[in-house]
Amino acid sequence: MSEQDLLFETADRLFAQVSTFDEVQAAQASGWSQASWDAADALGLTRIGIGEEAGGVGGSTADVVALLIAAGYHAVALPLAESTMIAGWLANAPGVVLPQGPVTVIPNRAGDTLRLEGDLLSGTAHRVPWGRNADLILGLVDDHIVGFTPSQASIHHDVNVAGEPRDDLSLNGITPVLCVAALPEQDPQGLALVGALSRSALMAGALLRIVDITAQYTQERKQFGKPVGSFQAVQLHVVRCAEHAAQVDLAVQVAARECDRGEASFEIAVAKTLANDAARIASRAAHQAHGAMGMTQEYLLHQYTRRLWAWRSEYGDAAWVSTLGEAVVALGADHHFHIIADGSASGIEL
Amino acid sequence: MAIRLIPTELTDQERALQAQVRAFCDEHLPRGSFEPGLGMSSGPSKELSRELGRRGWLGMALPKQYGGSDRSTVDRLVVVEELLRRGAPLEQHWTADRQSGVVINRSGTEEQKRRFLPQIAAGELCFCIGMSEPDSGSDLASVQSRAVPVEGGWKLNGTKIWTSNAHFADWMICLCRTHDSDNPHQGLSQLLIDMKSPGITINPIVLLDGTADFAEVVFEDVFVPEALLLGQPGNGWEQVTSELSFERAGPERWITPVIIVENFLREHAQDLSPAAVDFLGHSVARWWGLRQVSLSVARMIDEGKAPALQAAMGKDMGTEFEQDVIATLQQLVDIEPSLHSSSLFSRLLARAVLVAPSWVIRGGTNEVLKGIIAKGLR
């Protein structure tokens, strides 16, 4: 059993206890599950993937991916991806120290206007996950890692289709509590890749969960005197879910492994592309297999399908497909199969 | 419960093998030196099969004492994906290398192993599969071919159908009924049939693309010596299902149209629409993912696990995607594909249009695979 398997099991067991259906349902109002945060924090899970000098407990990308798959599997209502993987990546820059509490990261959406003028930070940032709840909000602005607190910003509350906080922030010439030079690789493309990997991992977990939910429901629900899962037309939906979940789960783990080695832009773009496909296809199949029951708030399927729909549109959907296509065309026909067989090792770079 | 796949990657040794195979292909199968085929249906070449055998690249997982290389399923994947993606002619050894040798090694007698395995590993023997019958497709347990005991062996009567390469195969592994039983899964046996035996008639079946690789094979009082019963009498069902289950997720289940897309890119690099660029990106993403599935399943087999469900998922996903690729390609380019075109892309696409329906049928229809996966998820 690998280290990641152990970490996944630990997180899975913990979240199964605290991030229950009722807890996730209750967290819809605020978007925040304090019980989940307290439990994860007590085990140090909220600081995995952050270097020790930055206040974390260390760990590889593969470790964080294992954690996020478990978080996705239990629809944990927390900015875990931001606090661990994405903040941890920004904290690779010397001088960044993260607080023990929740950290979020500005996702660099089109239309963001943040800029540094001297020591002062101004502008707007859109769709910041849990902006209102974070102890520290990090951003990549003008080749600097900047950090500020919610109290320094004017915050417009919004949520994504899953009900997770996605807040718009306005800053008017504030003095950031953190401002250090970014490393060369810490550019918008790098942030987009780390963000995409984090979403792919969460989506892998949610996909595995809708397989379990759908397989169980179609065995329990009886019509015409037998489980609906005994009808081949319904089995098709369950199998479609299972295949897409297995494919995304595998792809994201391989992408994490390659990320720990170095260049992995291809693998990450592929993982997010496959996850986005799966969000469309598997969610549709899971809902069809459930009939009307899947449409209700009182049944758990929506906690996962709504997250899949939300995460699909975050950190790149169709854009990755075009980026991949352009890179494939640039390398040319003679490299085509090597990309498929060797990934980044073929020389493809996005 | 959801099915998970374990990530794996090629070891340094496996990468070294990959480099050798690539160099071999560049030397012996350079582009333009032969008309490439589509995946498994690529025609036979005794010379190529012998060359591969000489290098130890056939029967790789078979024991050294029987002429094999004591290598692994992953090693075989590394070799066959390089050959398949170039459209190399593999049909002479394909069946023997993928499954006949494995089955004989698993179920055969010492004498059978000594007799067949070294020749399989040398690329000298072509095997075909005698499973389907006119009234027995997905429901293999209903086979009607029957062998009755006679002095010194068995007398076989019946008809097999959809048998690839029957007209040039040396041997067939034939599933037939040898005992009566209330349970249709019992009483079946596998027999090794010398295709030159008296009483065998081979009737070619012409497929949509005009080729006649398929045949109906009729057995009339064919004598099969006792020594050619494979495995335990009456145990054929277990032997056949294990033969089918693990071999399903090889690269041949997703790689077939790669050569078509590669040549599309080669011939149309200057006039790609944005939709074509997206397709090239998306298809590479899917293929990379499907290859990781094949690799994961192969590694599980080598580790002694039984990834029957994972393999079924790999084949179902891979072959459906193969068909999607052909459908999308036709929408992307405004050409009329032709088997006689001067463009290789056009010729391959025309062939693919005609044979793609078979990709989700052969080796267990995708409907049957989905049933297997659905049961496994309960």
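Numbered from 1 within each chain, the chains take letters A, B, ... in sequence-line order.
- Pairing each heavy atom of B/G289 with each of A/L274, the nearest pair is CA-CD1, 4.2 Å.
- Partners of A/E9 according to the salt bridge (charged side-chain N to carboxylate O under 4.0 Å, His left out) rule, which considers only residues two or more places apart in sequence or in another chain, are A/R13.
- Contacts between B/Q310 and chain A at a heavy-atom distance below 4.5 Å are absent for every atom of the residue.
- Between chain A and the residues B/L295, B/N263, B/L5, B/I259, the most heavy-atom pairs under 4.5 angstrom are made by B/L5.
- Between chain B and the residues A/G325, A/A318, A/A245, A/A327, the largest count of heavy-atom pairs under 4.5 Å involves A/G325.
- For a residue to count as touching a neighbouring chain, one of its non-hydrogen atoms must lie under 4.5 Å from one of that chain's; by this rule A/L331 does not touch chain B.
- The residue among B/L309, B/L369, B/D278, B/L272 with the most heavy atom pairs within less than 4.5 Å of chain A is B/D278.
- Around atom CZ of B/R378, more than 12 heavy atoms belonging to other residues, nucleotides or ligands sit under 6.0 Å away.
- For the pair A/I340 and B/W288, the tightest heavy-atom approach, listed with the atom from each and the gap, is O-CD1, 3.4 Å.
- By the salt bridge (charged side-chain N to carboxylate O under 4.0 Å, His left out) test, A/D334 pairs with B/R31, B/R266, sequence neighbours left out.
- Salt bridge annotation for A/E243-B/K370: absent, with no cationic side-chain nitrogen under 4.0 angstrom from a carboxylate oxygen.
- The closest side-chain donor-acceptor pair between A/H336 and B/R85, if any, does not fall under 3.5 angstrom.
- No more than 12 heavy-atom neighbours from other residues, nucleotides or ligands sit within 6.0 angstrom of CD on A/Q288.
- Across A/R257, A/Q235, A/Q253, A/Q232, the residue that shares the most heavy-atom pairs under 4.5 angstrom with chain B is A/R257.
- Residue A/R209: no heavy atom, backbone or side chain, is found under 4.5 Å from chain B.
- Within a 6.0 Å sphere centred on CD of B/Q13, other residues, nucleotides and ligands contribute 12 heavy atoms or fewer.
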Derivation of the side-chain contact (heavy atoms from CB on, under 4.5 Å) call for B/E262 and A/H335: CA-CA 9 Å; B/E262 180 186 317; A/H335 275 74; over 6 Å; no
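- Within the 4.5 angstrom heavy-atom criterion, atoms from both the backbone and the side chain of A/A246 approach chain B.
- The number of heavy atoms from other shown groups lying within 6.0 Å of CD (A/E3) does not exceed 12.
- For CG of B/D12, the number of neighbouring non-hydrogen atoms (other residues, nucleotides, ligands) closer than 6.0 Å is 12 at most.
- Note: B/R4 CZ to A/I69 CD1 = 5.0 Å, rounded to the nearest 0.5 Å.
- In this structure, B/L290 and A/Q247 have side chains that are in contact, with non-hydrogen atoms separated by less than 4.5 Å.
- Using a distance-only test at 3.5 Å, with no hydrogens or angles considered, no donor-acceptor pair links the side chain of B/R286 to the main chain of A/V270.
- When A/I339, A/D342, A/I210, A/V248 are compared by the number of non-hydrogen pairs under 4.5 Å with chain B, A/D342 comes out ahead.
- The most heavy-atom pairs under 4.5 Å with chain B, out of A/D212, A/D5, A/L324, A/V211, come from A/D212.
- For B/T8, the part sitting under 4.5 Å from any heavy atom of chain A is the backbone (N, CA, C, O) and nothing else.
- Of all heavy-atom pairs spanning A/G332 and B/L265, the tightest one is C-CD2, 3.7 Å.
- Between chain B and the residues A/A271, A/A242, A/A215, the most heavy-atom pairs under 4.5 angstrom are made by A/A242.
- Counting all heavy atoms, side chain and backbone alike, B/E81 lies closest to A/A341 at OE2-CB, 4.2 Å.
- Both the backbone and the side chain of A/S322 come within contact range of chain B, each with at least one heavy atom under 4.5 Å from a heavy atom of that chain.
- Seen from the ring of A/F337, B/R22 does not count as a face-on cation partner, given the 6.0 Å and 45° thresholds.
- Taking the side chain as every heavy atom from C-beta outward, A/V328 and B/V277 never approach each other to under 4.5 Å.
- Proximity to chain B is limited to the side chain of A/E258, based on heavy atoms less than 4.5 angstrom apart.
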